[in-house]
Amino acid sequence: IDFFGKPDPWAQGLADMSMEDFFTNDLETLFEDLNEEPEVARELAAALGRVLLNLGDEERAITLLTRARDAVADSATTDPIGQADICFDLGVAARRAGQLLAAETALRMSLALRQEAFGEQHEEVASAWNTLGLVHHTMGELEQAETEYLRALDLREVLHGAYGKELASTLNNLGALALATQRDEDSIAFFERARDIQTRLYQYQEHPDLATTLNNLGMAYQTIGRLDEAEELFQESLAMRRRILPADHPHLAGSLNNLGLIEEQRGRL
């Protein structure tokens, strides 16, 4: 309670503290009185770890999520779903931090716990397969990654239908994998299908996931020399990102860089 009172200007004289500033406080102080309350410590560490993961602070997220995973010795038995979620978040954080072996271990544990709790036909299982594929993709184990992506895609098609929003992330992953292995037409097909799903899903709003898919499709068109179509997609993605993302977001830099590469390819230095 003391910790969460720190941003209160009436209590501490601090005004307009941002979320990032708030989490620069010493989080360790939160756990000083919880030595005899391991379940509370676990829940708190898991919640804070997820927030820090969403804020892009993977290193501190890993510390907290590891604490949450290990706080209660028999969590995998007493709360397998909660433990699966903690392991999943830990795997995501470790992958983003480049700790690929740790990510693989955590995600395999999450997958096993989710399969045991839900069976195979469940979105939480599909999500674990998809994210495990990302880890193996990053490792360069492309055949393994493709197998896991396709397993996630098959599950999601059964669970959500041909236009379920969950399919789009796996299709984007498959498109990136196909692009990396010079299967350009396959890549375009995956990205176009993802775009069609998200265009239908976000027809009344804009969304950063759609902007990413447009950018990805532009990269595939660029690879096969369809530069005008690629430029149009990059411009559409950039305009959307400028409207919905902060001005210093790295995705904007990516869009500008891709447009620069188009001009370089045209010889317009």
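Taking OG1 of Thr212 as the start and CG of Leu217 as the end, the distance is 12.5 Å to the nearest 0.5 Å. With values rounded to the nearest 0.5 angstrom, Gln222 atom CD is found 9.5 Å from Leu179 atom CG. The structure places CG of Leu210 at 11.5 Å from CD1 of Ile197, a figure rounded to the nearest 0.5 Å. Going from atom OG of Ser75 over to atom CD1 of Ile86 covers 6.5 Å, rounded to the nearest 0.5 Å. The CD1 atom of Ile188 sits 12.0 Å away from atom CG of Asn216, with the distance rounded to the nearest 0.5 Å. Separation of atoms CG (Leu107) and NE2 (His136) is listed at 9.0 Å; rounding is to 0.5 Å.
Side-chain atoms of Gln203 come within 3.5 Å of backbone atoms of Arg200 as a donor-acceptor pair (strictly under, hydrogens ignored). Judged by distance alone, the side chain of Asn215 and the main-chain N or O of Ala211 form no donor-acceptor pair under 3.5 Å. A donor-acceptor pair under 3.5 Å is formed between the side chain of Asp79 and the backbone N or O of Gly82. Side chain of Thr78 to backbone of Asp74: a donor-acceptor contact under 3.5 angstrom is found. Of the possible polar contacts, none joining the Ser110 side chain to the Ala106 backbone as a donor-acceptor pair under 3.5 Å is found. In this structure, the side chain of Gln83 does not engage the main chain of Leu113 through any donor-acceptor pair within 3.5 Å. At distances below 3.5 Å, not a single donor-acceptor pair connects side-chain atoms of Thr131 with backbone N or O atoms of Ala128. Using modelled atom types, no side-chain atom of Thr199 and backbone atom of Asp196 make a donor-acceptor pair closer than 3.5 Å.
Arg241 and Ser255 share a side-chain donor-acceptor pair at under 3.5 Å. No side-chain N or O of His207 forms a donor-acceptor pair with one of Gln198 less than 3.5 Å apart. Between His122 and Gln115, the side chains place no donor N or O within less than 3.5 Å of an acceptor N or O (distance only, hydrogens not considered). Residues Thr223 and Asp184 have side chains that never bring a donor and an acceptor to within less than 3.5 angstrom of each other.
The pair Glu123-Arg114 does not count as a salt bridge, with every side-chain nitrogen at least 4.0 angstrom from each carboxylate oxygen. Arg151 has no carboxylate O lying under 4.0 Å from a charged side-chain N of Asp154, or vice versa, which leaves the two without a salt bridge. Salt bridge annotation for Glu157-Arg193: present, with a cationic side-chain nitrogen under 4.0 angstrom from a carboxylate oxygen. Using a cutoff of 4.0 Å between basic side-chain nitrogens and carboxylate oxygens, Arg42 and Asp70 are not scored as salt-bridged. Salt bridge status for Arg266 with Glu231: present, with a side-chain N to carboxylate O gap under 4.0 Å. A salt bridge is absent between Arg156 and Glu166; no separation between the charged side-chain nitrogens and carboxylate oxygens falls under 4.0 Å.
Cluster annotation: Leu48 and Val72 are assigned to distinct hydrophobic clusters (Ile/Leu/Val/Met/Phe/Trp/Tyr, side-chain heavy-atom contacts under 4.5 Å, transitive). Using a 4.5 Å cut-off between side-chain heavy atoms of Ile, Leu, Val, Met, Phe, Trp and Tyr, with links allowed through other members, Leu111 and Leu100 fall into the same hydrophobic cluster. At a threshold of 4.5 Å between side-chain heavy atoms, the hydrophobic network of Ile, Leu, Val, Met, Phe, Trp and Tyr places Tyr163 and Leu167 in one connected group. Leu134 and Leu155 are not part of a single hydrophobic cluster, where members link through side-chain heavy atoms under 4.5 Å apart. Follow the hydrophobic side-chain contacts under 4.5 Å out from Leu171 and you never reach Leu201; the two are in separate clusters.
Among all heavy-atom pairs drawn from Ser237 and Leu214, the shortest one is CB-CB, 4.1 Å. Here the closest heavy-atom approach between residue Phe191 and residue Gly175 is recorded as CZ-C, 3.3 Å. The nearest pair of heavy atoms linking Phe234 to Leu259 is CB-CD2, 3.6 Å. The minimum heavy-atom distance linking Ile62 with Ala93 is given by the pair CG1-CB, 3.7 Å. Shown here for Ala117 and Ile81, the closest heavy-atom pair between the two residues is CB-CG1, 3.9 Å. Nearest approach of Leu132 to Glu104, heavy atoms of both residues: CD1-O, 4.1 Å.
Heavy-atom contacts from other residues, nucleotides or ligands closer than 6.0 Å to CD of Glu43 number 12 or fewer. Taking a 6.0 Å sphere around CD of Glu116, one finds it holds 12 or fewer heavy atoms contributed by other residues, nucleotides or ligands. Counted within 6.0 Å of CE on Met109, heavy atoms from surrounding residues, nucleotides or ligands total 12 or fewer; the atom is thus considered open. Heavy atoms of other residues, nucleotides or ligands lying less than 6.0 angstrom from CD of Glu232 number 12 at most.
Counting heavy atoms from C-beta on, the side chains of Leu64 and Arg50 never come closer than 4.5 Å. Between Phe190 and Asn172 there is no side-chain heavy-atom pair separated by less than 4.5 Å.
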- Message: Could you go through Arg96 and Glu59, starting from their C-alpha distance and side-chain angles, then the distance that decides it, and tell me whether this counts as side chain to side chain contact (heavy atoms under 4.5 Å, CB included)?
- Response: CA-CA 9 Å; Arg96 292 180 184 174; Glu59 295 297 337; over 6 Å; no
- Start with the C-alpha distance between Lys165 and Asp209, add both sets of side-chain angles, then the distance that settles side chain to side chain contact (heavy atoms under 4.5 Å, CB included), and finish with yes or no. CA-CA 10 Å; Lys165 69 176 182 178; Asp209 287 347; over 6 Å; no
- Message: Between His137 and Glu146, does the side-chain hydrogen bond (donor to acceptor under 3.5 Å, both in side chains) criterion hold? Intermediate values first, please.
- Response: CA-CA 8 Å; His137 192 162; Glu146 185 168 30; over 6 Å; no
- Could you check Met139 against Leu101 for side chain to side chain contact (heavy atoms under 4.5 Å, CB included), going step by step and ending with a plain yes or no? CA-CA 9 Å; Met139 286 178 167; Leu101 292 176; 3.8 Å; yes
- Task: Kindly indicate, with the supporting measurements, whether the criterion side chain to side chain contact (heavy atoms under 4.5 Å, CB included) is fulfilled by Met240 and Leu245.
- Result: CA-CA 8 Å; Met240 190 178 297; Leu245 295 175; over 6 Å; no
